[in-house]
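These notes are about the structure you will find just below.
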Amino acid sequence: MAVALPVLSLSSTVRAFSVDTEHRLSYNPHRTYPKKPDALAAASASTLTTTLDKSTAKISISDLLKRDISKNRHVEFADSYLGYETWLPSPPKVEKPRSVLNPASLAYIGDCIYELYARRHFLFPPLNNEEYNDRVMAVVRCEAQDAMLQKLMNDNILSQEERDVLRWGKNIGSSKTKTKKRAGSAVYNRASSLETLVGYLYLTNVQRLDEIMEKIGFSTDASTPLGEET
């Protein structure tokens with residue numbers, strides 16, 4: 001006697017394997033989301049003083065680095081920071097960075113050190129995380145770095161060796177990025193050359209790096225105290 005067996009249809013098989021087994025987070029009505037790039041750019045733009053020019057906007061460095069600090073507050077700095085001669089992390093010992101590292105390597109570490117100066121500068125007075133991020137992002141943009149480099153060049157405080165490093169850093173080859181497309185190749189390359197110089201001085205002469213960052217307007221241990229604005 002023949003027994004009829006159930007036949008599974010193709011559609012039922014597909015439905016069986018289409019079940020979503022991925023672990024999902026529970027719904028949180030208070031969850032916040034990061035700002036979209038356009039919104040962040042708009043927030044950063046509020047810290048800039050811009051005037052229309054042919055191809056680029058003029059950036060006010062004093063507005064970028066401005067802090068709301070009470071004039072009657074004063075903080076004394078010792079000759080060292082927490083027992084160390086410098087507040088930066090100790091750099092690796094490289095006698096001749098230009099013979100060992102390429103410009104991209106120096107810009108890579110220089111980008112990090114530059115942002116550390118920016119974060120330290122805005123440490124006081126206390127802000128919330130969103131405000132910290134907006135202030136720092138406005139300073140580390142390549143347009144702002146280009147403006148700071150132009151200030152150093154106009155003030156004529158860079159040595160011939162430092163100018164050579166800047167020219168060397170302009171030759172960094174990179175593919176097209178959103179940042180490069182937004183700012184333009186010339187601005188992007190000049191910003192990269194400043195990061196190269198910062199990286200070079202971090203490895204060779206931290207005291208000179210402090211002097212240059214102070215000239216730009218950043219607070220350092222040897223310059224404007226965190227509790228007092230000049």
Side-chain angles (χ1 to χ4, degrees), residues 35-69 103 106-108 110-125 127 129-158 162-163 165-167 169-172 174 176-202 209-220 223-224 226 229-230:
K35 287 186 176 182
K36 295 181 179 179
D38 293 342
L40 180 59
S44 300
S46 64
T47 63
L48 307 181
T49 300
T50 58
T51 56
L52 294 180
D53 199 354
K54 292 182 179 180
S55 59
T56 184
K58 185 177 180 181
I59 296 177
S60 171
I61 297 177
S62 60
D63 284 349
L64 277 176
L65 299 178
K66 184 178 180 181
R67 297 175 297 171
D68 185 16
I69 296 179
L106 292 177
Y108 162 76
D111 176 49
C112 171
I113 298 301
Y114 177 91
E115 183 170 337
L116 186 56
Y117 272 94
R119 286 175 177 264
R120 182 191 186 277
H121 180 82
F122 293 117
L123 180 62
F124 187 91
L127 305 172
N129 285 339
E130 186 176 4
E131 290 172 323
Y132 275 134
N133 186 65
D134 288 347
R135 297 304 303 272
V136 172
M137 286 294 293
V139 172
V140 301
R141 290 165 65 93
C142 60
E143 294 91 342
Q145 291 178 329
D146 178 44
M148 293 177 180
L149 176 60
Q150 295 303 318
K151 173 178 171 57
L152 292 176
M153 300 297 289
N154 293 338
D155 292 345
N156 196 29
I157 65 171
L158 298 179
E162 291 162 352
R163 292 173 183 267
V165 173
L166 288 175
R167 284 191 290 269
K170 281 185 179 180
N171 299 324
I172 298 177
S174 63
K176 292 183 178 180
T177 62
K178 291 183 179 180
T179 301
K180 192 173 185 178
K181 184 177 181 181
R182 183 196 73 237
S185 297
V187 172
Y188 183 87
N189 290 341
R190 288 194 295 266
S192 297
S193 69
L194 176 62
E195 292 177 344
T196 303
L197 177 61
V198 171
Y200 177 80
L201 292 176
Y202 169 65
L209 175 60
D210 260 356
E211 294 175 359
I212 289 180
M213 299 305 280
E214 178 187 354
K215 292 292 184 181
I216 290 177
F218 288 102
S219 61
T220 66
S223 60
T224 307
L226 285 176
E229 192 82 354
T230 58

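Predicted model, so just to flag it, every value in this text is computed and none were measured. Residue numbers start at 1 and run along the sequence shown.
With values rounded to the nearest 0.5 angstrom, Met137 atom CE is found 8.5 Å from Asp134 atom CG. For the atom pair NZ (Lys215) and CG (Asp210), the distance works out to 13.0 Å, reported to the nearest 0.5 Å. The structure places NE2 of His121 at 9.5 Å from CG of Leu64, a figure rounded to the nearest 0.5 Å. One distance of note links OH of Tyr117 with OG of Ser219; it measures 10.0 Å at 0.5 Å rounding. Annotation: the span from Arg182 atom CZ to Cys142 atom SG amounts to 5.0 Å, rounded to 0.5 Å. Interatomic distance, CD1 of Ile113 versus CD of Glu115, reported as 10.5 Å (0.5 Å rounding).
Looking at heavy atoms from C-beta onward, Leu166 lies in side-chain contact with Met153 at the 4.5 angstrom threshold. By the 4.5 Å heavy-atom criterion applied to side chains, Pro103 and Lys170 are not counted as neighbours. Looking at Asp146 and Glu143, their side chains never come closer than 4.5 Å, going by heavy atoms from C-beta outward. By the 4.5 Å heavy-atom criterion applied to side chains, Leu65 and Phe122 are counted as neighbours.
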Task: Verdict with supporting geometry, Val187 and Arg190, side-chain contact (heavy atoms from CB on, under 4.5 Å) - done: CA-CA 5 Å; Val187 172; Arg190 288 194 295 266; 3.6 Å; yes
- [ ] Show the numbers, then the answer: is there a side-chain contact (heavy atoms from CB on, under 4.5 Å) between Glu162 and Leu152?
- [x] CA-CA 11 Å; Glu162 291 162 352; Leu152 292 176; over 6 Å; no
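Contact between Ile61 and Ala147 at its shortest, heavy atoms only, is CD1-O, 3.6 Å. Between Thr196 and Ala107, the closest heavy-atom pair is OG1-CB, 3.6 Å. The two residues Ala138 and Ala144 come nearest to each other via the heavy atoms O-CB, 3.3 Å.
Salt bridge Arg135/Glu131: absent, no basic N to carboxylate O contact under 4.0 Å.
Considering Leu149, Leu106, Leu209, Leu158 as possible partners of Leu197, the one that fulfils the side chain to side chain contact (heavy atoms under 4.5 Å, CB included) test is Leu158.
At least one donor-acceptor pair closer than 3.5 Å links the side chain of Asn189 to the backbone N or O of Ser185.
Shown here are the ring-ring contact (aromatic ring centres under 6.0 Å, His included) partners of Tyr114, two or more places apart in sequence or in another chain: Phe218. Checked against side chain to side chain contact (heavy atoms under 4.5 Å, CB included), Asp155 has the following partners two or more places apart in sequence or in another chain: Lys151, Ile157. Shown here are the side-chain hydrogen bond (donor to acceptor under 3.5 Å, both in side chains) partners of Asn154, two or more places apart in sequence or in another chain: there are none.
Surrounding CZ of Arg119 are at most 12 heavy atoms belonging to other residues, nucleotides or ligands under 6.0 Å away. Few gaps surround OH on Tyr132; more than 12 heavy atoms of other groups in view lie less than 6.0 Å from it.
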